[in-house]
Amino acid sequence: VVLDHGKLQTLRYFLVGSNPAETKYRVLKIDRTEPKDLVIIDDKHVYTQQEVRELLGRLDLGNRTKIGQKGSSGLSRAVSAFGVVGFVRFLEGYYIVLITKRRKMADIGGHAIYKIEDTNMIYIPNDSVRVTHPDEARYLRIFQNVDLSSNFYFSYSYDLSHSLQYNLTVLRMPLETLKTETTQTRQESFDIFEDEGLSTQGGSGVFGICSKPYEKYVWNGKLLDAVKNTVHRDWLLYIIHGFCGQSKLLIYGRPIYVTLIARRSSKFAGTRFLKRGANCEGDVANEVETEQILYDASVMSFSAGSYSSYVQVRGSVPLYWSQDISTMMPKPPITLDQADPFAHVAALHFDQMLQRFGSPIIILNLVKEREKRKHERILSEELVAAVTYLNQFLPPEHAIIYIPWDMAKYTKSKLCNVLDRLNVIAESVVKKTGFFVNRPDSYCSILRPDEKWNELGGYVVSTGRLQTGVLRTNCVDCLDRTNTAQFMVGKCALAYQLYSLGLIDKPNLQFDTDAVRLFEELYEDHGDTLSLQYGGSQLVHRVKTYRKIAPWTQHSKDIMQTLSRYYSNAFSDADRQDSINLFLGVFKPTEGKPHLWELPTDFYLHHKNTLSLSQTRRSYTYWWTTGVLKHLPLPFDEVTCAENRCKLTVKKFHKYEEEIDIHNEFFRPYELSSFDETFCLAMTNSTRDFMPKNVGIDPSPFTVRKPDETGKSVLGNKSNREETVLQRKTAASAPPPPSEEAVSSSSEDDSGTDKEDEGAVSQRSTPVKVTDTGDNTKITEVRNYCGRQEEILFCGKFLPKVPNILHVCGLFFFSRIPISSFSQDNIYEVQPPRSDRKSIEIFHAHIQAGRGNMQPLGKDDFLMYREYIRNRYM
């Protein structure tokens, strides 16, 4: 909450932040009397709710225009927000950028990921000290052209700039290392239990680790530079740009969350034709890291749950090249801007990848190899030369793997299947890199051994598997062809991930299953979003295009997307590029220097070596960073060493603190919630959105369906969903049909509308074990079951036709035996659980306390109560 405060005119802002439960608060004071400087005071104190009310009450009372006057307030609320994006200054004073609307997009282990829906910019200096400038408004418009409500994401507790593998590897650092790094962070306060002689530690310590974000994927890093050394780190909220989507894969009711996160690089960022190739620091255009995360949502904890991830990268060819758009051609000629015989820029780029991903680095180059007039082939020839030069200095086992494949040529051929060939490439890639999983190989993989599983690469540790190396895919634009190739690799990795969690019996997934359709929709949304950001239009060629099953209407849509992309590149990309340069701090407005719109080019802004010569020159042979080679195939960033420990901040919490209570953080018992607004129920669901309405008795998401079978036809839009609900209500209130034949004849047509009723009845019904002896069906009699006629008729849809069902007085009787092999713990009879001795003692003590017979308090009781008092009131 931002509060105005001052006499006659506002002299300062107070920024009051709280935790989700609103039990702990921090306060920032922002001075508004400085015309161009940013003055922020953070007392680093954590306030309770009562303390912050008293503080704001004193400010309100002491700053009214007349003492004791109730009409005029000395403190007023300016805006309520969910976080601070940062502070920015052009030619006048500073602005503060606040997140005013958010929407939950995903959940990873109880950590919520939000999308920014709306923001608000507030000018900090008040009118009395404001120094106006005629160009300030224009800079403000350019800055606001970066639409923060379009695909910017943040999380309060999860580091989105790093991969899941990095985040969980850091959490598993040795405890001894953390203890040596721990600093005193709690505020000193009076301890009322000092005289009790109890240890202040008491074994109740929990270590928390906060790592520095990976700057390449943080988009508001420059906006936070002005305050990151002044305020407490709880105020710093890092945002990423790209894509985030999550869907629920239901496997016979077991919820498996499939998450896709794309992080767009903030280095050398821009639009399609204005940013090509790489800059002098090895950062490439349109570089996006895509991570697919799979986990069992029935257990949220990172330590107890099952989590798996796979990472791949796309990015422009790492060379000095560009395309001249002044010719107004659909495909401008490709030009190599600088000769680079020692592959200097490619070496910088692959050095970054070795540090972050380890080895092997696999390049999948999809550009054309054969052309009548050399166009895309220029890039292939230069890239092959650069990789060949760099590989001669690397150890053979860690060499860069180069895979050229002309995807356009195979697409035109009627004899070749593009996706089959891509599947072969994907299998070889995943076997080389492996994937991350945070648990050892499951027992089912030992019971059901698979040849492909034994050939899997990566790095096996006692706690699971690590991905070593990464696939780097590129075409010319890194949009259409790249997205399809990444989907096929992701589909292959998804099969291995499901197999590692014991959810399928073989690491293989077929097209036209509910699981792959769900994953394909995620990847198409991912591709459309990234294409809009870089190219100005959605994807032109999709997975269905390369499968050659796209409808004929898709061709007209492809033409419109091509025209939209051409228009965007020709007329609006220059303005978007200026906005990105200003937002990322690449260009900083300065008095007496040319304005952003007066620059003929932004080349020198992105290539620092054009402004000053580097004093040190990298080696042409030892082109990697010192220490990287020693730890390969593991990525250097994830190795426990002094250099990486400097990036970590370690804090010790007490186990009773709200800040580490994942139950309260996720379920929020202090808030009123409704099912309609619950995220886990509203997200895309494989059973609701992809399973055909006539699924019959095979609800598995791994069953191949017909191409036109999908749940989208029934529940695809709001009107159809409302109509379906109305049909379900009508069917539920209707009288039962007169005969069994009528039900059986209409069961196929009504199975979609009566899905809820069938589910409710089938839960009450009992499985039947049928033994087939020739023409007659025999039922082994164990116990009789009787029910209403409509229940039996509904059961008839799922059970074989039985000729010897007895009908007496409107009731049906038939016999069945349980299928379950469990005798004492199943749906028919359950043996009560046995309580251990300690639980019985606690229960008896509770009964005695209710009668007024209190037991003497022990050392543990004093310790627990003291922790409660310290955390609640001190």
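Since we're looking at a predicted model, the values are computed, not measured.
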Would you confirm whether the ring centroid of Phe302 sits within less than 6.0 angstrom of the ring centroid of His111? yes
Near-ring test Tyr156/Phe154, centroid separation under 6.0 angstrom: yes
Checking Ser163 against Asn167: is there a side-chain donor and acceptor pair closer than 3.5 Å? no
Polar side-chain atom of Asn220 near backbone of Val85 as donor-acceptor pair, under 3.5 Å: yes
Are Glu287 and Lys216 close enough for a salt bridge, meaning some N to O gap below 4.0 Å? yes
For a quick test of reading the model, state the closest non-hydrogen atom pair linking Ser161 to Tyr214 and the distance between them. OG-N, 2.9 Å
Do Ser80 and Arg77 have side-chain atoms, one donor and one acceptor, less than 3.5 Å apart? yes
Donor-acceptor under 3.5 Å (Lys491 side chain, Leu509 main chain): yes
CG of Leu164 to CD of Gln467: how many Å apart, nearest 0.5 Å? 11.0 Å
How close do Thr473 and Ala485 get, counting heavy atoms only, and between which atoms? CG2-CB, 4.1 Å
Distance only, no hydrogens: is a donor on one side chain within 3.5 Å (strictly under) of an acceptor on the other, for His526 and Thr290? yes
Would you say the rings of Tyr496 and Tyr499 are close, in the sense that their centroids are separated by under 6.0 Å? no
Treating Asp480 as the side-chain partner and Thr484 as the backbone partner, does any N or O pair qualify as donor plus acceptor under 3.5 Å? no
Short side-chain donor-acceptor distance under 3.5 Å, Gln497 and Gln292: yes
Taking the six-membered ring for Trp, are Phe583 and Phe152 parallel (under 30°), tilted (30 to 60°) or perpendicular (over 60°)? tilted
With rounding to the nearest 0.5 Å, note down the distance linking CZ in Arg264 to CG in Asn151. 9.5 Å
Atom of Leu522, atom of Ser247 and distance for their closest heavy-atom approach: CG-OG, 3.9 Å
Relative to Tyr114, does Arg103 satisfy both conditions: NZ or CZ under 6.0 angstrom from the six-membered ring centre, and within 45 degrees of the ring's axis? no
Flag the pair Tyr307 / Tyr295 as yes when their ring centroid distance falls below 6.0 Å, and as no otherwise. yes
Under 3.5 Å, is there a donor-acceptor pair between the side chain of Lys115 and the main chain of Ser149? yes
Looking only at heavy atoms, which two atoms of Pro213 and Asp159 are closest? And how far apart? CA-OD2, 4.1 Å
Tell me whether Glu289 is salt-bridged to Arg314, with the criterion being a basic N under 4.0 Å from an acidic carboxylate O. no
Grab the two heavy atoms, one from Phe82 and one from Thr100, that are nearest each other, plus how far apart they are. CE1-O, 3.4 Å
Shortest non-hydrogen pair, Ser309 vs Ile293, comes out as CB-CG1, 4.1 Å
Hey, does Ile113 have a side-chain heavy atom less than 4.5 Å from the side chain of Asp107? no
Within 6.0 Å of CD in Gln49, more than 12 heavy atoms from elsewhere: yes
Between Asp477 (side chain only) and Arg272 (backbone N and O only), is there a donor and an acceptor less than 3.5 Å apart? no
If only atom types and distance count, is the side chain of Thr529 paired as donor or acceptor with the main-chain N or O of Phe243 below 3.5 Å? no
What distance separates Asn145 CG from Ile580 CD1, expressed to the nearest 0.5 Å? 10.5 Å
Below 30° counts as parallel, above 60° as perpendicular, anything between as tilted: where do the rings of Tyr166 and His162 land? parallel
Nearest-0.5 Å distance, CZ of residue Phe519 to OG1 of residue Thr513: 11.5 Å
Under 3.5 Å, is there a donor-acceptor pair linking the side chains of Gln246 and Thr259? yes
Quick check: does any side chain N or O of Ser266 sit under 3.5 Å from a backbone N or O of Val218, one acting as donor and the other as acceptor? yes
